[in-house]
There are 2 protein chains.
Amino acid sequence: MVTIYDIAERAGCSAMTVSRVINNTGRISEKTRQRVKAIMAEMNYVPNIAARSLVLQETKLLSLVIPDITNPFYTTLARGAEDAARKFGYQLLFSNSDENLEKENATLDAVISARADGVLIAPVGDGSAPCLEQLKQHNIPVVLLDREVPGFEADTVLGDSKEGAKALTAMLLAQGHRRIAFINGSLSTSTARQRLLGYREGLSSAGIACDDAIVFEAGFADTGLAEIIGKLMDLEQRPTAVFAANNKIALAAIRSLHAAGLSIPRDMSVVCFDDLEADYVVDPFLTVAAQPAYEFGAVGVGLLVERIKDRSRQPRTVTLSSALMKRRSTAPLR
Amino acid sequence: MVTIYDIAERAGCSAMTVSRVINNTGRISEKTRQRVKAIMAEMNYVPNIAARSLVLQETKLLSLVIPDITNPFYTTLARGAEDAARKFGYQLLFSNSDENLEKENATLDAVISARADGVLIAPVGDGSAPCLEQLKQHNIPVVLLDREVPGFEADTVLGDSKEGAKALTAMLLAQGHRRIAFINGSLSTSTARQRLLGYREGLSSAGIACDDAIVFEAGFADTGLAEIIGKLMDLEQRPTAVFAANNKIALAAIRSLHAAGLSIPRDMSVVCFDDLEADYVVDPFLTVAAQPAYEFGAVGVGLLVERIKDRSRQPRTVTLSSALMKRRSTAPLR
DNA sequence: TTGAAAGCGCTAACAC
DNA sequence: GTGTTAGCGCTTTCAA
C-alpha cells in the first residue's frame with residue numbers, strides 16, 4: 001500500500017508536506033505542491049480513510065436504514081439519499097431492517113461500530129426509541145425519515161400523512177362512497193396513526209361516522225391481507241371502497257379482491273399512499289397520494305449534514321406534501 | 001469515546017486482555033472474561049472499526065455498485081447482496097453509477113479510499129475495464145455482476161442471456177411471429193451482445209433471416225425509445241412483435257406504442273428480460289425471461305467473500321438461468 | 001514554507 | 001493467562 005511516507009520519500013519532503021498537499025491546508029510552495037501531486041498520481045496514491053478517521057474522528061460514512069429496499073418508495077428515497085450524500089462527500093452504508101426491531105438493533109450496533117458520522121433511518125416504529133437513544137448516547141446524529149418516534153427528538157422528514165389521507169378520503173366521498181374500509185399499517189408507526197386520523201377527519205367533516213368494523217391493521221409487512229379481505233367480504237354492509245395505508249397493502253388487497261372475484265373499480269374502489277415508479281409501470285392504475293420519495297432521501301441527507309456540523313441546532317421537521325393522483329382504481333359510485 | 005483502555009483500567013487488566021475478550025482469541029480465565037464483558041456492557045463499549053481496520057488491513061466493508069437502484073432488477077439484487085453480506089459479517093457500501101463511466105470511476109475511487117474489502121459491480125460496460133484494473137492494482141477483489149468485461153478476469157455472476165433470448169424468440173416464433181424487432185441495450189455490455197446473439201440464433205434455427213433494419217440499440221438508460229418506435233411504425237413491413245433487452249426498455253417501448261395508438265398484444269406482442277417485483281405489480285402483464293435477481297446479489301457476495309479469503313483461487317463464473325414467464329403482452333399471430 | 005514528535009484505538013508478536 | 005511494545009497511516013501541535 002502506498003502511504004504518504006512513500007510519496008514523501010520520493011518527493012524529498014516530509015509526510016506532513018504531503019498531507020498538506022492532499023488536504024489543501026497550510027502554506028506550500030507551488031513548486032512543492034506540483035511535485036508532490038505528480039508523484040501521487042504516478043504512484044497511484046489513495047488516502048487511507050481508516051487512518052484519517054482514526055485521528056479526525058469522522059468517517060464520511062452515512063448509514064441509511066430502511067425497512068425494505070424492495071419497496072419502491074424506499075428505493076427512490078435511497079436514490080435521493082445516495083445522490084445527496086455523494087454531493088456532500090459522504091458514502092452510504094446501507095441496510096434493510098425488514099420492519100423488524102431486532103434486525104434494526106443489530107444494524108444500529110454495526111453502525112455504531114463503523115462510526116458512521118450520522119444515521120438516516122425510517123424506524124420500524126415506536127419500539128425503535130431505545131435503539132435510537134443508544135445512537136444519541138454514542139453522539140451519532142440521527143435523522144428520522146417518514147416516521148416519528150414519540151419521545152425521541154431529532155431532525156425529521158415527514159410526509160403529510162394526515163392531510164394526504166384526508167384528501168384521499170374526500171375524493172372517495174366526492175365520488176359517492178360512504179362505506180370506506182381502511183386497511184392500516186402497523187399502529188406502532190406514527191405514519192399509520194396519522195393516516196388513520198386523516199381518514200377519520202375526512203369522514204367526520206362529511207358528517208359520516210367512522211365504523212371500527214371496517215378499520216383494520218395489517219402491519220406494513222402485509223400480514224393476513226387475505227384474511228382481512230375475507231372479513232370485509234362477509235360484512236353485511238360491504239364497503240364500496242378500500243383505503244390502504246400504503247401501496248404494498250393496496251396491491252395485496254387487490255390481489256385478494258381479484259381472487260374473490262371482484263373487479264376494480266367496478267365492484268370496489270381502491271386508493272393508497274405512495275406511487276409506483278413511473279418507469280416501471282405498464283399503465284398507472286392506482287389512485288394514490290404520491291409522496292416525493294426522492295426528496296425524503298435528499299432532504300434527509302441535507303438535514304443530517306447540517307446536524308453533523310452543528311449539533312446544538314434546534315431539531316427541525318420538514319414536511320413534504322403529497323399529490324393526489326386520480327387514476328383508474330377508483331370510480332364514482334353508481 | 002470509550003476505548004479498550006478505559007475498560008482495561010476499570011477491569012484492572014491490560015488493554016490486550018480486553019482485546020482478547022472482544023475477539024475471543026488467546027486463552028483467558030473465565031473469571032476475567034466475565035468481568036471484562038460486564039464492564040464493556042456497563043460502559044456501553046463499542047469497538048472502533050477504523051482503528052481495527054488500520055491494523056488488520058480489513059474494513060469488513062463491501063462495495064456494491066449498480067447502474068440504478070430504481071431498476072427493480074438491481075433493487076432485488078441489492079437485497080440479496082445485503083442479506084448475504086450481513087450473514088458474512090460485512091456491511092454494504094452503496095452507489096449508483098447511472099450507466100455513466102465517469103460516475104462509476106468516481107465511485108471506485110471512493111471505494112479504494114474507503115478500503116472496502118471487495119467490490120460487487122454491475123459495470124457500465126466494456127469501458128469499465130480501466131477502472132476495474134485500478135481496483136485490481138489496489139488489490140481489491142472484484143466480482144462482476146450481470147455483465148462481463150472483455151479482458152478483465154474476475155469472479156462473475158451471469159444470467160443466461162443467450163439462452164433466455166433464444167427461448168423468448170422461440171416462443172414468439174411458436175406463436176407465429178416472423179418479423180420480430182429487437183431493441184437492445186448498449187452494445188458495450190456483454191449482456192446486450194449475448195441477448196442479440198440469442199435472438200439471432202433463435203431466428204436462424206427457425207430458418208429465418210435476421211433483418212438488421214429491425215434491430216436497434218437503445219442504451220440501457222432508455223434513450224430515444226420514442227424515435228425507435230417511430231421508425232418501427234414507419235417500416236413497410238411492420239414487425240408484429242418487439243423483443244426488448246430489458247424491462248425498462250420494454251415499458252418505454254410500450255408507452256410509445258400506446259401513444260401511437262397500438263394495443264398490446266393485439267397489434268404488437270412485447271417480450272423482454274427481467275421480471276418486475278411481484279409484490280408491486282397490480283397484474284403481471286409482461287411476458288419475460290425472469291432472472292433470479294436476488295441470487296445475483298447473494299451468489300455474488302458469496303464469491304466475493306471466498307475470493308477475499310483466497311486470492312489465488314481460479315476465478316469462477318456462475319451462470320443463473322432465467323425462467324420464461326408467458327403472460328398477456330404476447331399473443332399468437334392471427 | 002517545512003518538519004519532528006506524538007497520538008488516534010486497536011492488535012500481532014513476543015515476553016513472562 | 002496476561003502484559004509490554006511497537007506500529008498500522010494519518011493529522012495536530014509545536015518548533016524551526
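In what follows, chains are A, B, ... by sequence order, proteins preceding strands, each numbered from 1.
- Distance, B:Ile7 CD1 to C:dG9 C1': 12 Å, rounded to whole Å.
- In this entry the distance linking CD of A:Gln57 with C1' of C:dC8 reads 6 Å, nearest Å.
- Remark: B:Arg115 does not engage B:Glu58 in a salt bridge, criterion side-chain N to carboxylate O under 4.0 Å.
- Computed from coordinates, the A:Leu54 CG to D:dC8 C1' distance equals 9 Å when rounded to whole Å.
- Residues B:Glu104 and B:Ser128 have side chains that bring a donor and an acceptor to within less than 3.5 angstrom of each other.
- One side chain, A:Ser29 or A:Thr32, offers a donor N or O that lies under 3.5 Å from an acceptor on the other.
- Computed from coordinates, the B:Glu9 CD to D:dG3 C1' distance equals 16 Å when rounded to whole Å.
- Residues A:Arg307 and A:Val142 have side chains not in contact (no heavy-atom distance under 4.5 Å, counting atoms from C-beta outward).
- B:Thr191 and B:Thr189 are not linked by any side-chain donor-acceptor pair at a separation below 3.5 angstrom, with hydrogens and angles left out of the test.
- Here C:dT2 presents its P atom at 15 Å from CD1 of A:Ile4, a figure rounded to the nearest Å.
- Between A:Arg79 and A:Asp83 there is a salt bridge, with a side-chain nitrogen of the basic residue lying less than 4.0 Å from a carboxylate oxygen of the acidic one.
- When rounded to the nearest whole Å, the span between CG of B:Asn48 and P of D:dG9 equals 16 Å.
- Atom OG of B:Ser19 and atom OH of B:Tyr5 lie 9.5 Å apart (nearest 0.5 Å).
- A donor-acceptor contact under 3.5 angstrom links the side chains of A:Gln34 and A:Glu30, judged on distance only.
- As a whole-Å value, the separation of B:Ile112 CD1 from D:dG9 P is 16 Å.
- The OH-C1' distance, from B:Tyr45 to C:dC10, rounds to 7 Å in whole Å.
- The closest side-chain donor-acceptor pair between B:Asp310 and B:Ser312 falls under 3.5 angstrom.
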Identify the pairs formed between an N or O of the protein and an N or O of nucleotides 3-5 of chain C at a distance under 3.5 Å, and give each distance.
residue, atom, partner, partner atom, Å
C:dG3, OP2, A:Ser14, N, 2.8
C:dG3, OP2, A:Ser14, OG, 3.0
C:dG3, OP2, A:Thr17, OG1, 2.5
C:dG3, N7, A:Arg20, NH1, 3.2
C:dG3, O6, A:Arg20, NH2, 2.4

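- The stretch residues 21-34 of chain A touches DNA chain C through A:Arg27, A:Ile28, A:Ser29, A:Thr32, each having a heavy atom within less than 4.0 Å of the strand.
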